[in-house]
Structures are given as structure tokens and as C-alpha cells.
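A short worksheet on the structure shown next.
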Protein chains: 2
Amino acid sequence: MEGAATFDIMLPESDGQPVYQRLYEQIRDRIRSGEIADGARLPSVRALQDQLNTSKTPIETAYQMLIAEGYVVSRPRSGLYVSNPYPAPTPEMTGVPRTPESTVGISPAHTLHASSGKQAVIDFDPARLDAEAFPLRIWSKMLREAFEAHANEIGNYGDPMGEYGLRAELADYLRSSRGVRCTPEQIAVGTGMAHSIDLLTHLLKDVRLVAMEEPGYHLVRNQLQLNGRDIVPIPLGDKGLALDVLEESRAQAVYVTPSHQFPTGFILPYPERKRLLEWADRNGAYVIEDDYDGEFRYVGKPIPSLQGLDEQGRVVYIGTFSKAFTPALRMNYMVLPMELAEQLARMPHEAACPPARAEQWAMQRFMAEGHWYRHIRKIRGIYRKKHAHLIGLIHERLGPRVEITGQNAGLHLQLTLQESRSSDELIGLAAQAGVRVYDLRKMWMDEERRLSDEPRLYLGFAGLKLKDMEKGIRLLEQAWFNPPLPV
Amino acid sequence: MEGAATFDIMLPESDGQPVYQRLYEQIRDRIRSGEIADGARLPSVRALQDQLNTSKTPIETAYQMLIAEGYVVSRPRSGLYVSNPYPAPTPEMTGVPRTPESTVGISPAHTLHASSGKQAVIDFDPARLDAEAFPLRIWSKMLREAFEAHANEIGNYGDPMGEYGLRAELADYLRSSRGVRCTPEQIAVGTGMAHSIDLLTHLLKDVRLVAMEEPGYHLVRNQLQLNGRDIVPIPLGDKGLALDVLEESRAQAVYVTPSHQFPTGFILPYPERKRLLEWADRNGAYVIEDDYDGEFRYVGKPIPSLQGLDEQGRVVYIGTFSKAFTPALRMNYMVLPMELAEQLARMPHEAACPPARAEQWAMQRFMAEGHWYRHIRKIRGIYRKKHAHLIGLIHERLGPRVEITGQNAGLHLQLTLQESRSSDELIGLAAQAGVRVYDLRKMWMDEERRLSDEPRLYLGFAGLKLKDMEKGIRLLEQAWFNPPLPV
């Protein structure tokens with residue numbers, strides 16, 4: 001009987017850590033070491049509660065943390081099962097043949113996940129960054145110093161548009177790095193794209209029809225729709241956005257990613273930028289420029305922002321710390337045309353929700369002391385290397401069967417596969433091999449186009465180590481193009 | 001000539017601090033010490049830029065910080081003037097007569113602000129907390145430890161509804177402290193009331209008409225209106241919300257503050273709570289319970305939340321760290337009925353913007369290690385003392401001419417004045433005396449009622465020291481009820 005083997009979970013002695021933390025660490029370490037076997041069933045919350053004589057919450061919390069981190073999977077109406085994401089080496093990693101231990105596996109790769117079948121070992125997650133590149137020590141110091149320097153302000157709300165000192169640093173940085181021309185008064189610091197879109201729709205009450213790149217960033221599309229806006233998709237041609245379609249659409253605003261189109265990776269050329277601004281000017285429309293990874297261009301000079309070309313106050317520029325710093329900070333910013341900035345400043349204090357003051361103060365200090373520029377230089381080097389390495393691996397392993405588009409910038413690549421299998425099938429095969437890749441189809445608004453599109457996938461690389469990339473691409477090669485080994 | 005006296009501003013030698021910080025500190029300290037006199041005019045940005053041979057931004061930043069902190073006021077088309085908020089003692093403070101030095105002053109109090117006329121020295125700001133009560137050292141330690149413990153997660157977005165561990169701690173706390181019954185899955189951690197209202201309106205697409213207490217919290221009203229909702233005001237009677245009016249209104253949701261009505265301070269009795277829930281149940285409507293300062297009840301037992309009485313999943317409970325911890329954290333939370341929580345969990349990842357992960361981890365640890373309960377006990381003691389002191393002062397100084405309502409809970413008091421002068425006049429007299437008090441009229445939606453209402457003001461006390469309260473009430477007595485001294 002699977003998982004019937006029992007094992008004792010004890011509550012380790014108090015070391016100042018809360019109960020759930022001690023429980024979590026104990027179980028995690030015993031799964032890692034192999035002492036609690038892959039596939040084993042965890043005792044129910046009720047049973048463990050009786051055994052340990054503690055309340056339900058710490059046990060539930062510990063279990064939830066184990067699920068969240070992939071050590072345990074929940075099977076409805078059955079219970080929680082161990083699914084070690086760091087299993088002992090399998091044949092295709094070591095080259096040593098191993099006797100199949102389960103009846104589930106067909107290909108060797110499949111045995112990797114006999115216990116869960118869903119857990120991806122190598123995740124080309126486009127939203128993940130390299131945790132080791134984060135300047136933990138300096139950031140921790142900045143936070144501490146910021147707290148000490150501002151101790152007498154800790155009882156107050158800050159400026160609803162963000163701390164002025166941070167906005168001044170940002171204005172300087174954006175001018176020199178992205179060609180953005182603005183004063184600190186035009187900047188609103190926020191907590192992420194959903195927040196920015198909510199705020200923008202509050203400012204632009206009369207803008208009801210918004211154009212989006214097709215394919216485009218589906219989360220922004222959803223957020224605009226949540227705010228009751230209608231969306232018109234504008235196809236991307238050879239030169240970027242089809243301006244004639246935009247012209248006819250009667251859209252009052254357009255959302256674009258000119259530095260590195262999401263998801264195709266296309267960079268909007270200069271003449272098209274000018275034409276887009278002329279359209280906005282002619283129609284009194286707004287251009288929402290999302291410069292989410294404008295810091296990362298690996299070949300040639302960075303192209304300055306659209307905002308820097310705008311003479312008429314038609315561009316709303318949005319940038320984020322989630323790519324260049326960490327998504328865990330949940331901090332972004334908008335540069336508003338002066339007119340909208342003044343409108344926002346007149347709104348009630350509560351209408352804008354800036355991030356925690358401590359982290360704004362810390363970022364201000366981090367920038368003022370020059371750490372920010374050093375950090376950007378450092379990670380640009382790291383990601384340039386990962387980018388080149390991934391392209392090399394794809395050429396080598398996946399060869400002419402896969403076309404890479406959208407290279408030379410950003411933190412993800414797009415793959416187009418010339419073949420008859422569907423995206424779903426390719427993603428499924430990859431998942432069975434323990435590799436997670438992402439479907440581009442969600443980015444299409446047009447249902448027909450979405451379904452008829454040739455298989456297109458995208459792969460983020462910022463969060464993966466070089467050797468995991470290598471393993472991931474090797475597993476993809478085997479999953480997609482090599483026949484399964486005979487049983 | 002006022003302000004014509006010049007003084008040199010030098011750039012202090014580098015001590016590792018950024019230029020703007022060094023400039024700011026130098027000027028601030030020289031204003032505080034009196035070396036730069038009250039009323040003096042600061043050099044223009046351009047002039048100082050030439051003199052110091054530096055760029056514009058650090059100077060603008062330093063000036064902006066001085067303005068934000070009240071050391072400097074800007075006079076349109078004239079320049080920046082020093083307005084020392086910590087002036088040397090004036091006659092009414094020391095009892096020593098002083099020769100009037102300006103032709104502006106009529107009452108001695110007025111001379112306090114001859115230079116700006118608008119700067120309030122003593123601010124009964126209802127949103128301000130006692131900065132000294134903030135556990136700076138422990139919180140700084142929690143942040144550092146949280147970073148270290150979670151270093152490997154710093155490259156990832158967290159759970160869009162908030163870190164699970166924090167939600168588990170919150171569920172425990174809310175159960176034991178506020179009688180809220182929920183699982184961690186029902187909790188969404190957010191960045192403030194505006195964010196919560198935006199998110200709720202996205203979840204409750206079909207709720208178009210929302211009832212509000214009248215008078216009620218105007219910022220929530222504004223935020224609902226920004227999201228395209230219609231508002232129906234429901235008068236407050238002797239027993240709280242007029243349920244017959246609510247019944248007839250056909251509202252699909254109602255926003256209430258039952259623990260401590262904002263702004264009147266009324267506490268909704270138990271039978272009325274049951275009737276409100278019956279209304280919601282009968283109409284399939286939602287009750288949005290804002291428990292913004294439910295931690296603070298100074299007399300009798302705390303009344304548990306409405307949410308805890310709800311058997312039908314009709315209550316959305318909203319709590320905040322801005323009153324019990326610090327508004328600088330910008331963190332709040334919603335407890336959703338299970339149905340809405342599941343709906344939110346199914347929404348795209350970006351739709352909810354939780355606060356920075358580091359501060360969620362730190363708060364989780366702060367709660368798990370018992371610091372939170374200790375902190376609440378401590379500040380409840382501090383605010384109980386301030387609350388009693390302010391009531392005593394008002395009775396003693398403002399006597400029978402002023403009625404206090406809404407006492408025994410929360411962080412503000414409401415004053416009703418039986419007299420013919422308007423709120424504007426009373427607030428203006430207070431401001432001239434250097435005291436800021438707040439107008440209750442903004443809380444009325446009904447324009448007629450707003451204007452005909454007898455003068456009602458509210459005073460927050462959490463951010464003031466006892467001796468500043470004493471001075472503030474003394475100045476109010478003089479400004480409102482004592483005739484000006486003969487010239």
C-alpha cells in the first residue's frame with residue numbers, strides 16, 4: 001500500500017522558533033535526507049494534533065509551507081504525500097542504468113516524477129530572478145540605516161505619491177539611463193502593475209477603449225477589463241504595431257512595450273515610435289509605455305524610452321523594481337504627464353497606495369550612495385551571460401527545429417517550433433520530463449488566432465543557474481525529439 | 001526687509017551621506033538652533049547651485065524635505081522662507097511678558113506664527129501615531145532575520161494574497177483578539193484601504209449601489225465612487241444605522257465601522273449587529289466591516305467583530321496595521337467570505353498587489369515570537385492614558401461649552417460646540433493659534449446636512465505628547481473663548 005509506511009513526527013525542542021517553523025524544518029530536512037521517503041503519506045492534521053498535543057494552526061501552517069515549497073502534494077480526498085523535489089540522482093543524470101522501480105515510468109525522464117507527475121524540477125519561469133545576485137547584505141544595511149535616520153517619522157503616513165527623496169533619485173536615474181524627462185513631482189511610486197492600472201483608470205475616467213499589442217501582456221489586459229475598460233487588439237506587423245489598425249480603432253489609449261515587446265521580444269524602431277506619438281497627439285490619446293525590462297539590452301546601445309521623445313505630455317511611463325532588483329519588493333513607479341500628476345496630487349490622500357516607507361527610504365539611500373548603478377552593472381553582466389548561454393544551448397541541442405525570436409534584450413526568449421504537435425502536447429512532454437516552459441497562447445486576445453497559432457513557447461532564464469539550464473535544454477531535447485527508450 | 005538677511009549655506013564634507021542629506025541636515029540643524037532665523041529667505045536653487053557647484057536635484061530634494069517637515073514654507077512667486085516649528089518659548093508658555101516684535105500679531109498666540117500663519121505647531125492629526133512607541137529595535141531585528149531566513153526566495157514573487165505564514169498568524173490573532181472566525185485561506189494581505197476597495201469592487205462586479213454610514217468615512221466613499229459605484233447615505237440614529245432606510249435603499253452592500261463609528265465614535269450594540277446581518281442575509285447583500293481601531297477600547301470588554309457573528313458568509317472584514325503598528329508600513333488585510341476568497345485565488349496572479357515580502361516575513365516572525373501581543377498591550381496602555389488625559393483637559397479647559405462624544409474607544413475624540421460660530425471660523429481661530437483640529441463636515445455626503453450641522457470637530461491624540469496636548473487645549477481655550485488681549 002502506497003504511503004502506508006508510518007514514521008513519527010516529533011516536535012523538536014524549543015529553540016526560540018515558533019512551533020510551525022520547527023515542525024516545517026524537521027519534516028523538510030527529513031524529506032531532503034531521504035529519511036521520509038518519496039511517496040510517503042503524512043499524518044492527518046487531527047492525528048498529529050493529538051499526538052503532539054498542540055493546536056491545529058501550527059500543523060496546518062507547516063504543511064502549507066511544505067506544499068508551497070513543493071515537498072508535499074495534496075491529493076483530494078486522500079491526503080498529503082511526500083514528493084521530494086531533490087530526489088537521488090536518476091539514470092539520465094548520472095549515466096548509470098537503474099532498475100525501474102515503478103510501473104508508471106516509460107521514459108527514464110518520466111521516473112523523475114513518478115510520485116507527483118506535476119512537479120517541475122527545472123522551471124524556465126519568466127518572473128523569477130537570480131536570488132544570489134541580490135545584494136542582501138547592503139540592502140539589509142540600507143534598511144537598518146533608513147529606519148534609524150527616519151525614526152521620528154515612523155508614526156506618520158508618507159506622501160501618497162511616494163517619498164520625495166526616492167522620487168528625486170528615480171528622476172535622475174531615469175533621465176540618465178532611460179532618457180526619461182521628468183521632475184520628481186511627476187513620479188508616483190506604487191506596488192505593482194495591477195495597482196498602476198487601477199490608479200490610471202481612476203485618473204483617466206473618460207478613456208473607455210484601450211488598444212493592446214496582439215499578442216500582448218495578458219495580465220494588463222485582464223486588469224483593464226476588471227476596471228470595466230474595453231480592449232481592442234492591434235496586430236504586430238514587421239514594423240511593430242499596425243498603426244493603420246490603431247488609427248481606425250478609435251482607441252483613447254494604447255498599452256505598449258516598445259523596449260522589448262512582451263512576449264515576442266521585438267524592439268520598436270525609432271520611426272515607428274515617432275508615428276505612435278503623432279497618433280497620440282492627433283487624437284488626444286495616451287500611450288502607456290511599460291518599460292518592464294528596459295535595463296537589459298545585450299547588443300548595441302540601449303534605446304531610450306518613448307517618454308523621452310514625447311513633447312506633448314501623452315506618455316505614461318511605467319517602470320518596475322521587479323526585474324532589475326527583486327519581485328519580492330513589490331515596488332514600481334509611474335511617470336505621469338504633468339497634467340495627470342497634478343490631478344493625482346489633488347486626489348484624496350488615500351487614493352494612492354505607495355509601498356512601505358522604510359523600503360522607499362532604503363531604496364533612496366541605495367540609489368544615492370551609488371549602489372543601484374553598481375547593482376545594475378553587475379546583474380546586466382550576469383544576465384548577458386545567461387542569455388548567451390541559453391541561446392547557445394538551444395542552437396546546439398534543439399537545432400534547426402526551433403527558431404528563437406526576440407533575442408538581444410530582456411530576461412526571456414521566445415521559441416517557435418515548426419511542427420504538427422500542439423503547444424499543449426509539447427508543454428505536457430516537457431512537464432513529464434520535469435521541465436516547465438510557458439505557453440505564448442494566453443497572450444493572444446483573438447481566440448481564433450490563439451488556437452491556430454503554430455506552437456510558440458517562452459522561456460525565462462534569469463532565475464536559473466547555468467548548469468540547470470543545460471540540464472533543462474537536454475531534457476527538452478529528449479522529451480520533444482528523441483523517441484522514448486524501449487521498455 | 002523681511003528675509004533680506006543673508007547667510008551662507010555650505011556643503012558639509014562627505015561623511016558617506018548623499019549631498020541632499022548633508023544639505024538638509026545642515027539647514028535643519030541651523031534652523032533648530034536659531035542660527036538661521038525664523039522668517040529668513042533661503043537662497044534660490046539656481047543661486048545655491050552656482051555657489052556649491054553641484055547639480056539641481058540634491059538642492060531641490062533638500063528643500064523639499066525641509067518643506068515636508070515644516071521647517072520651510074513656500075510663498076508663490078516669492079521664494080522659500082524659514083518657519084521654525086520649534087521656536088523659542090513665547091510669553092504664554094513661560095509666563096514672561098514679551099514685547100510684540102511684529103505688527104501682525106494681535107493675540108500673543110498669534111505671534112507664534114507671524115512668519116507663516118498656516119503652520120500648525122500642535123496637530124491633533126487623527127492619522128498620526130506615537131513614533132516613540134514603535135518597537136524600532138525589535139522590528140529592525142525581525143526584518144534582518146526574515147531576510148536571512150528567506151534569502152533563497154528573494155528572486156520570486158510571493159503569494160498574491162500574501163505570505164501564507166503571515167496569514168496563519170493573522171487568523172490566530174483575529175480569532176483570539178477580535179472574535180473573527182476564518183482560515184488563513186480567507187485572508188488577503190494588502191497595502192491599504194484604497195487597494196482593498198479597488199480589489200473588492202473587482203470581486204463584486206454586480207454590486208453597483210453601496211450604502212454608507214452618514215456621516216461616514218469620506219475616503220472610502222471617494223474610493224467607491226472612483227470605481228464607478230453609486231453611494232446611498234444611511235443616517236445614524238440612536239441605535240446606529242437606520243435599518244429601515246437601509247432596507248428601502250436597495251443597496252447591495254453596506255460599509256460600516258461598528259467597533260468605533262468613524263467619525264462619531266458610536267459603538268454598534270449587539271441587537272443592531274444581529275439585525276444588520278439578517279438584512280444582509282435576506283437580501284444576499286454584503287457587509288463591509290472596517291475594524292480600523294478595534295484594538296482600542298478603554299472601558300469594558302472589547303466587543304467582538306461583526307464577522308464573528310456572521311453564519312452566512314456575508315461579511316468582509318477589513319483590518320489594518322496603520323493604527324496598531326505604524327501607518328509607514330502601509331499594510332492591511334481583508335478577511336473574505338470563503339466564496340470571495342476562492343474567486344480571488346482564481347484571479348490572475350497580478351490582480352492582487354500584496355506588500356513587500358520582507359515586511360510580511362518580518363511581521364509573521366514578530367507575531368510568532370509573541371512581540372505583537374506585547375506591543376498591543378503596551379500601546380493600549382499608552383493610548384488609554386492619552387485618551388483619559390485629553391478628556392480631562394477638555395473638561396477642565398473647554399468646560400461645558402464643548403460636548404465630547406465617541407469616547408471610550410479608538411484614537412480620536414469628537415467635539416460638538418453649542419454656539420453660533422461656524423466650524424470654519426473655529427478651525428481658523430485654532431490655526432492662528434498654532435493648533436490644527438479637524439472638520440467633521442467632510443464626512444457628510446448630504447450637502448444640506450453638511451452645511452447646517454452644528455460645529456463638530458474631531459481630534460486625534462495618538463501622535464501627541466501629553467505636554468503638547470496640554471498646550472494645545474490651552475491654546476484652543478484662548479483662541480475660542482477668551483477675548484483677544486487689548487493691543
Side-chain angles (χ1 to χ4, degrees), chain A residues 16 18 20-21 57 60-61 64-65 68 127-131 134 136 140 143-144 147 151-159 164-165 168 171-172 191-195 198 202 218-219 222-223 226 228 326-331 348-359 365 368-369 463, chain B residues 16 18 20-21 57 60-61 64-65 68 127-131 134 136 140 143-144 147 151-159 164-165 168 171-172 184 191-195 198 202 218-219 222-223 226 228 326-331 348-359 368-369 463:
Chain A
Y20 71 83
Q21 186 76 28
T57 308
E60 284 174 345
T61 305
Q64 199 63 41
M65 288 166 76
R128 182 170 294 193
L129 297 185
D130 189 337
F134 184 77
L136 191 61
S140 203
L143 265 174
R144 195 176 59 247
F147 256 119
N152 61 337
E153 296 167 65
I154 203 79
N156 310 8
Y157 284 90
D159 189 319
Y164 193 88
D172 267 0
T191 54
M193 184 52 88
H195 170 256
D198 285 357
H202 297 337
H218 61 303
L219 296 179
N222 289 333
Q223 200 64 28
L226 277 175
T326 163
L329 191 63
R330 287 274 175 182
M331 201 190 284
H349 191 276
E350 273 282 329
C353 277
R357 297 185 79 184
E359 297 193 305
R365 195 168 273 256
E369 295 186 4
Chain B
Y20 72 84
Q21 186 75 28
T57 308
E60 284 174 346
T61 305
Q64 198 64 40
M65 287 166 76
R128 182 170 296 193
L129 297 186
D130 188 338
F134 184 77
L136 192 60
S140 204
L143 265 175
R144 195 175 60 246
F147 256 119
N152 61 336
E153 295 168 65
I154 202 80
N156 309 6
Y157 284 90
D159 188 318
Y164 193 88
D172 266 1
T191 54
M193 185 51 89
H195 170 255
D198 286 357
H202 297 336
H218 61 305
L219 295 179
N222 289 333
Q223 199 64 27
L226 277 175
T326 164
L329 191 63
R330 287 273 177 185
M331 203 190 282
H349 192 277
E350 274 282 327
C353 276
R357 297 185 78 184
E359 297 191 305
E369 295 185 4

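Just the heavy atoms: all of them, side chains too, but no hydrogens, waters or symmetry mates, feed the values below. We name chains A, B, ... by the order of the sequence lines, and we start the count at 1 in each one.
- Summarising the geometry, atom CD belonging to B:Glu60 is positioned 5.5 Å from atom OH belonging to A:Tyr164; distances are rounded to the nearest 0.5 Å.
- Of all heavy-atom pairs spanning A:Gly155 and B:Ala131, the tightest one is N-CB, 4.0 Å.
- Of the possible donor and acceptor atoms, one in the side chain of A:Thr326 sits under 3.5 Å from a partner among the backbone N and O of B:Ile154.
- Only the side chain of A:Leu143 comes within less than 4.5 Å of a heavy atom of chain B; its backbone N, CA, C and O stay farther away.
- At a 4.5 Å heavy-atom cutoff, the contact between A:Asn156 and chain B is made by backbone and side-chain atoms alike.
- A donor-acceptor contact under 3.5 angstrom links the side chains of A:His202 and B:Asp198, judged on distance only.
- A:His195 places none of its side-chain heavy atoms less than 4.5 Å from the side chain of B:His195.
- Looking at B:Ser140, the atoms closer than 4.5 Å to chain A (heavy atoms on both sides) all sit in the side chain, from C-beta outward.
- When heavy atoms are compared at a cutoff of 4.5 Å, B:Phe147 approaches chain A by way of both its backbone and its side chain.
- Chain A forms more heavy-atom pairs under 4.5 Å with one residue of B:Ala171, B:Pro327, B:Ala194 than with any other, namely B:Pro327.
- Distance check, rounded to the nearest 0.5 Å: CZ of B:Arg330 to CZ of A:Arg357 gives 8.5 Å.
- Remark: B:Tyr157 OH to A:Leu329 CG distance equals 11.0 Å, nearest 0.5 Å.
- Taking SG of B:Cys353 as the start and CE of A:Met331 as the end, the distance is 12.5 Å to the nearest 0.5 Å.
- In this structure, chain B has heavy atoms under 4.5 Å from both the backbone and the side chain of A:Leu226.
- Taking B:Gly228, B:Pro354, B:Gly192 one by one and counting their heavy-atom pairs under 4.5 Å with chain A, the maximum is reached by B:Pro354.
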